[in-house]
2 protein chains.
Amino acid sequence: MSQPAPVTMSATLAADEALERRRRAGERVLSLASGEIGLPVLPELRERLAAAAGLGAYGPVAGSPALRAAAAGYWGRRNLDTDPEMVVCGPGSKPVLFALMLAVGGDVVVPVPSWVSYAAQARLAGAQPLHVPTLPGQGGVPDPAALREAVTAARAAGRDPRCVVVTLPDNPTGTVAEPDTLRRLAAAARDLDLVIVSDEIYCDLVFEGADRALSPAVFAPERTVVTTGLTKNLAVGGWRMGVARLPEGPLGRALRDRLEAVASQTWSTTAAPVQAAAAYAFAEPPEVLAYVAAARRLHETVVRAVHRHFTAAGAALTPVRATSYLYPDFEPLRDHLAAAHGVSGGGELAALLADRHGLGVLPGSAFGEPDRVLRVRAATSRLYGDTEERRTQALHSSAPLELPWIKASLDRIEEVLHDLVHVPAPASVPTI
Amino acid sequence: MSQPAPVTMSATLAADEALERRRRAGERVLSLASGEIGLPVLPELRERLAAAAGLGAYGPVAGSPALRAAAAGYWGRRNLDTDPEMVVCGPGSKPVLFALMLAVGGDVVVPVPSWVSYAAQARLAGAQPLHVPTLPGQGGVPDPAALREAVTAARAAGRDPRCVVVTLPDNPTGTVAEPDTLRRLAAAARDLDLVIVSDEIYCDLVFEGADRALSPAVFAPERTVVTTGLTKNLAVGGWRMGVARLPEGPLGRALRDRLEAVASQTWSTTAAPVQAAAAYAFAEPPEVLAYVAAARRLHETVVRAVHRHFTAAGAALTPVRATSYLYPDFEPLRDHLAAAHGVSGGGELAALLADRHGLGVLPGSAFGEPDRVLRVRAATSRLYGDTEERRTQALHSSAPLELPWIKASLDRIEEVLHDLVHVPAPASVPTI
């Protein structure tokens, strides 16, 4: 007997749809809420999908042999040798992550902060999320010492944590956990007998080559499942395709079989034309590599510019090393925000920015933080233009900050933050 | 705390993949296992998908406004007035059905026999399936009197059934429940306060117009969710698209919101190019209607021919009124099968047909029957040819049974059944 699963709409998607309604109603809005990559589809990729439109038949549940071989090659080039048999494809990395939770069973450790859907998925899978904080600058990976404590305590209390989800590079912080953190995570997972599910959908969006995110699969190869997809690299979130790489060995094979069984009962297979295009993309021909490199440069330029505006306004931020996410902490401005705006938590701050300025961001609470934390997540990947033409120009520009539409958005962000910080507290209300 | 979800590979998809491996190994196989529709994609539909290949962005979770309006129109033309706001799209009707189980919560009543994935999905959703038998000729709908008894008993035992899944027309029996059965189902569901989830993916494949399957939504409009997709009508199972129509009223609105929330956390949205093609298809322009009509005629001709072979062999079958499924009962041949082949249940019968004759069917146990039941499901929708050209010819043929490749398959089925029935019991083993 089950209760209706406790579930609320994905914060990202909900914020996105709300802003879109306001935009249609003629309001001036600027969305930093969704992490969607606002870039055009690479023409060659589009052509591959179109050419595969005649594929109407179901293929294998785990994905076509061509796709699985291509994904294995992709990981192989990242120092993760992969047997195509250990690759399972699904209609997005989101359903693949959910199916993994169903396949592993038990409770799930999620970092705080972390992506909006991990904890929600754990609850839908009938599990309880165990929240473990991350260390500063090591976003996406729970503090290994705290992980040991939390899992030990949970087991003593009769709970059954069996896996830990990590994000490398991280959403929402844009940071990349360091090798030493991963080494300690791997040791803790081994001692605690936890499966590591490593969401590496941003792994090609690390700004400096030497910083390329390492995978926990390097440190705990026997127990780490890696997931990725095309959404972030190639701006095709709307195509829905994700892949998981299961570990070699008996644990991995058992998990693979269970994952495939869950997939067979819940989604059957992934859209065949999308798989055909994905097989091409994972082979990484020169035009795909050039697109990803151009997108990465653009993300870096724009996210760093917005980073400067948040810093200038007085928010605390760790340096961003990857993705197009910022996770500013307005704690240094707590007194002012309370006095001038009556704001004392992340939810109120996000609401103020949306209602007063039409600026969409997500509160830290969407990422598992207590509501009093004065953090919001800002995603800069939709500032590249509203038309296909502008987006294409942005992708290929050597000075994207000078493109008038991008400059206007950045100026608007600066103006909003200035207003937020410099509006004096109402004279009639003592601030102390 | 949850145990790893009990789950096995979808019987249909597993049988399919096993037969495909044998075919590749050079064996002579004939698959009646999977209900995949072996027909080419309608060229105009293919073109719509290709033309939408540039759609890389996420759309609304519930589906694009165009798709939802088109699906509402489709149902409207079937006497189910539909508000587009009450339509939710997902990557296949399979994930939509699973998400509905998560959204409704509680235990799930499934008919016996019924499609392989309902009970498996209920278990994955943390529920227990309650199996209720159907009445003869009324496949897909649990006997309403037995439904009342089972739910009352389950509740008395502390269980919490909240919905009943029905299939109209039915898989595996190819029958269509009659209006009186639906009326009694609706009354029972109302008295028991159950949601009816009506899987109507075969509703356009009823052979005689006057027989068009009625929906339980006609009899219990306030509590019936209807699902469908393009897979069966347009032979694009590999594209993955399904839609649900939620009921009007407070129950329906609450369910819609929960379904959308589950969708947002588990699949985000459905492949945008597929949605664009589906919006075109649900509008039912003349070429789509002509394709569906031609496919329906072909299904009818071939399934009835195979029906005759099973009947001639001595199996018991109800008349098939829709789909391309047969569900022969070999009970009249029980003694012979036991004596001649050592077969005493559906699983052994399916194994014998596969191993000795390369003929793939599914045992009744895959549909929830006890293993001793001597039933198998045969799907005839992949007998139309192995190449695009042959399939196209079959679709447009006025005498498909005379096409040599279809004739060869039917002859082979006849031969296998003849062998099954006429191989004498081994002389050395007394049969009594």
Side-chain angles (χ1 to χ4, degrees), chain A residues 1-5 7-10 13-14 17 36 40-41 46 49-50 53-61 91-92 94-95 98 102-107 117 120-121 124-128 158-160 235-240 258 260-262 264-274, chain B residues 1-5 7-10 13-14 17 36 40-41 46 49-50 53-61 91-92 94-95 98 102-107 117 120-121 124-128 158-160 235-240 258 260-262 264-274:
Chain A
M1 179 166 62
S2 71
Q3 290 305 309
V7 59
T8 52
M9 181 86 169
S10 153
L13 299 171
E17 296 193 6
E36 179 167 66
V41 182
R46 212 168 57 205
L49 180 77
L55 301 179
Y58 292 104
V61 171
K94 189 182 271 191
F98 182 48
L102 290 168
V104 176
D107 294 322
S117 286
Q121 292 192 337
L124 279 172
Q128 284 183 46
R159 291 174 62 186
D160 183 23
V236 287
W239 284 13
R240 313 311 302 131
R258 290 183 54 77
E260 192 178 14
V262 171
S264 78
Q265 303 289 10
T266 59
W267 70 64
S268 295
T269 177
T270 305
V274 171
Chain B
M1 177 166 64
S2 71
Q3 290 304 310
V7 60
T8 52
M9 181 85 169
S10 155
L13 300 171
E17 296 193 7
E36 180 167 64
V41 182
R46 213 168 56 206
L49 180 77
L55 300 178
Y58 293 102
V61 171
K94 188 180 270 190
F98 182 47
L102 290 169
V104 175
D107 294 322
S117 286
Q121 291 191 338
L124 279 173
Q128 285 184 46
R159 291 174 63 188
D160 182 25
V236 287
W239 284 12
R240 315 308 305 132
R258 288 182 55 77
E260 193 178 13
V262 171
S264 79
Q265 303 289 10
T266 59
W267 71 64
S268 293
T269 177
T270 305
V274 171

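Numbers restart at 1 for each chain; the letters A, B, ... are given by sequence-line order, proteins then strands.
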K.L.:
Is a side-chain N or O of B/R240 found less than 3.5 angstrom from the main chain of A/P91, in a donor-acceptor match?
P.N.:
no

K.L.:
Examine distances only and state if a side-chain atom of B/K94 and a backbone atom of A/S264 form a donor-acceptor pair shorter than 3.5 Å.
P.N.:
yes

K.L.:
Which atoms of A/F98 come close to chain B, meaning under 4.5 Å heavy atom to heavy atom: side chain ones, backbone ones, both, or neither?
P.N.:
side chain

K.L.:
Counting heavy-atom pairs under 4.5 Å with chain B, which one of A/G59, A/G237, A/G56, A/G54 comes out on top?
P.N.:
A/G56

K.L.:
Sort out for me which of B/S117, B/G92, B/P40, B/A235 touches chain A most, counting heavy-atom pairs under 4.5 Å.
P.N.:
B/S117

K.L.:
For B/A50, which residues count as a side-chain contact (heavy atoms from CB on, under 4.5 Å) partner, sequence neighbours excluded?
P.N.:
A/A50, A/A53

K.L.:
Mind listing the closest non-hydrogen atom pair of B/A261 and A/T8 along with its distance?
P.N.:
CB-C, 3.7 Å

K.L.:
As an exercise, state the distance from CD of A/Q265 to CG of B/L124, rounded to the nearest 0.5 Å.
P.N.:
7.0 Å

K.L.:
Do the side chain of B/W239 and the main chain of A/P273 share a donor and acceptor less than 3.5 angstrom apart?
P.N.:
no

K.L.:
Heavy atoms only: give me the nearest B/Q121-A/T266 pair and the separation to one decimal.
P.N.:
NE2-CA, 4.2 Å

K.L.:
Between the side chain of A/E36 and the main-chain N/O of B/A57, is any donor-acceptor distance below 3.5 Å?
P.N.:
no

